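Okay, so here's the structure we're looking at.
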Amino acid sequence: MPSVIRCQDLVKTYEGRPPVEAVRGLDLEVVEGECFGLLGPNGAGKTTTIEIMEGLLAPTSGTVEVLGRQWGREDDAIRQRIGISFQETKLSEKLSVRETLDLFRSFYKQSSDPAQVMEQVELTEKAKTWVGKLSGGQKQRLAVACALVGDPELLFLDEPTTGLDPKSRRQLWEIIRNYRQRGRTVLLTTHYLDEAERLCDQVAIVDRGKVIAKGTPRELIVSLGGEHVIEFTLGDGSNGAGDGLAGDLDLFSRLPTVQSVHMDHGRICLSVGEPHRTLPALLNTLESQHWPLSSLSTRHASLEDVFVKLAGRHLDDDEAPTA
């Protein structure tokens, strides 16, 4: 499939004392017809990267191609073929939903019927409602509708579901899926890893301005070596916080089908291939060592586990350069 977005050695440095490197040598390729996710914690460089792709920021160095064209040479030709929904969109609160879409439609030489777009985002009944009277979820769907009304080939979505309730999130997911069914391309940023697993064909995990992993969600999870996680804590203070248990983690690494072991906020986490084989051996080991079990759970491995393995922290842990 042809490339829709291509970035090579992308760098963005903000002047200051000291300078801030928001993006540091990022390489990326998005092909036609896929949903591509940029994942990472707040401050990882996702928004800076997508704003460069959207033509809102100039890179310090590196090259960016969007739909086979470059910003600074063919700007209007690119803008006519893309749609953008920002992390925060401020719309005139004294315009109705229909008036807002008519306004955005006027920016494009070719566009979609606003009535059809309102139906796609389930806002037909709100056509005459002022923007200021909409709920948070309705405003977010309207922001996406403004990006869709130009009938774009490529849709940029920056943290599209941040702050939304579960119902509103699912509604936006359905809008994205319906857009994809038309063979169009989506690039979205998110720090909700369940969202990326549900929507994205390919993902790039970004941390400190660099891509630290790329692939399908399935490929990245399989790269852990085990598709399941067993988490447990021990009673009587035996949680590795101060009794030396952390030094005995190698004992658990020798259990059947265990691929890796790490401590996470007092929990011992085992990445395993076959939990039905690991669990009996784990319980026998705890009994033989006289370590009382306090809690135990099993779950499927996720992209969060991939990030923890690669970055050594969780997505919501505070530690970030400004971006």
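Just so you know, these numbers come straight off a predicted model, no measurement behind them.
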The criterion is salt bridge (charged side-chain N to carboxylate O under 4.0 Å, His left out); which residues satisfy it with [X], sequence neighbours excluded?
{"X": "Asp113", "result": "none"}
{"X": "Arg69", "result": "Glu74"}
{"X": "Glu227", "result": "Arg218"}
{"X": "Asp27", "result": "none"}

Could you work out, with side chain to side chain donor-acceptor pair (under 3.5 Å) as the rule, every residue matching [X], not counting sequence neighbours?
{"X": "Thr100", "value": "none"}
{"X": "Thr60", "value": "none"}
{"X": "Arg182", "value": "Asp151"}

Counterpart residues, ring pair (Phe, Tyr, Trp, His ring centres under 6.0 Å), relative to [X] (two or more places apart):
{"X": "Tyr108", "result": "none"}
{"X": "His228", "result": "His300"}
{"X": "Tyr192", "result": "none"}

Is a salt bridge present between [X] and [Y], judged by a nitrogen-to-oxygen distance below 4.0 Å?
{"X": "Glu122", "Y": "Arg141", "result": "no"}
{"X": "Lys46", "Y": "Asp158", "result": "no"}
{"X": "Asp76", "Y": "Arg79", "result": "no"}
{"X": "Asp102", "Y": "Arg98", "result": "yes"}

Of all the heavy-atom pairs spanning [X] and [Y], show the shortest one and how long it is.
{"X": "Thr162", "Y": "His191", "result": "OG1-CE1, 3.8 Å"}
{"X": "Val308", "Y": "His262", "result": "CG1-NE2, 4.1 Å"}
{"X": "Leu39", "Y": "Ala196", "result": "CD2-CB, 3.4 Å"}
{"X": "Glu54", "Y": "Trp71", "result": "O-CZ2, 3.1 Å"}
{"X": "Leu164", "Y": "Gly137", "result": "CD2-CA, 3.8 Å"}

Could you pull out all donor-acceptor pairs under 3.5 Å where a side-chain atom in residues 82-96 meets a protein atom, sequence neighbours excluded?
| from | atom 1 | to | atom 2 | distance (Å) |
| --- | --- | --- | --- | --- |
| Gln87 | OE1 | Thr47 | OG1 | 3.3 |
| Ser96 | OG | Glu99 | N | 3.1 |
| Ser96 | OG | Glu99 | OE1 | 3.4 |

Practice item. Sequence neighbours left out, what pairs pass salt bridge (charged side-chain N to carboxylate O under 4.0 Å, His left out) with at least one residue falling in residues 4-17? Key: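 Residue pairs with at least one partner in residues 4-17: Arg6-Glu29.
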Point to revise | Worked check of side-chain hydrogen bond (donor to acceptor under 3.5 Å, both in side chains) between Ser168 and Gln140 | key: CA-CA 9 Å; Ser168 296; Gln140 191 70 352; over 6 Å; no
Check your understanding: Checking ring-ring contact (aromatic ring centres under 6.0 Å, His included) for the pair Phe36/Phe156: CA distance, chi angles, key distance, verdict?
Key -> CA-CA 10 Å; Phe36 193 103; Phe156 290 100; over 10 Å; no
Check your understanding: Taking C-beta and beyond as the side chain, do Leu157 and Ile176 meet within less than 4.5 Å on heavy atoms?
Key ->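 A side-chain contact exists here, since the closest heavy-atom pair is under 4.5 Å.
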Practice item. Starting at CD1 of Ile78, measure out to CE of Met53 and round the result to the nearest 0.5 Å. Key: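 If I round to the nearest 0.5 Å, the distance is 12.5 Å.
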**Study point:** Test log, rule side-chain contact (heavy atoms from CB on, under 4.5 Å), inputs Leu199 and Leu188
**Key:** CA-CA 10 Å; Leu199 295 177; Leu188 65 86; 4.2 Å; yes
Review point. Is a side-chain donor or acceptor of Thr185 paired with a backbone partner of Gly33 at a separation under 3.5 angstrom?
Key: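 At least one qualifying donor-acceptor pair exists.
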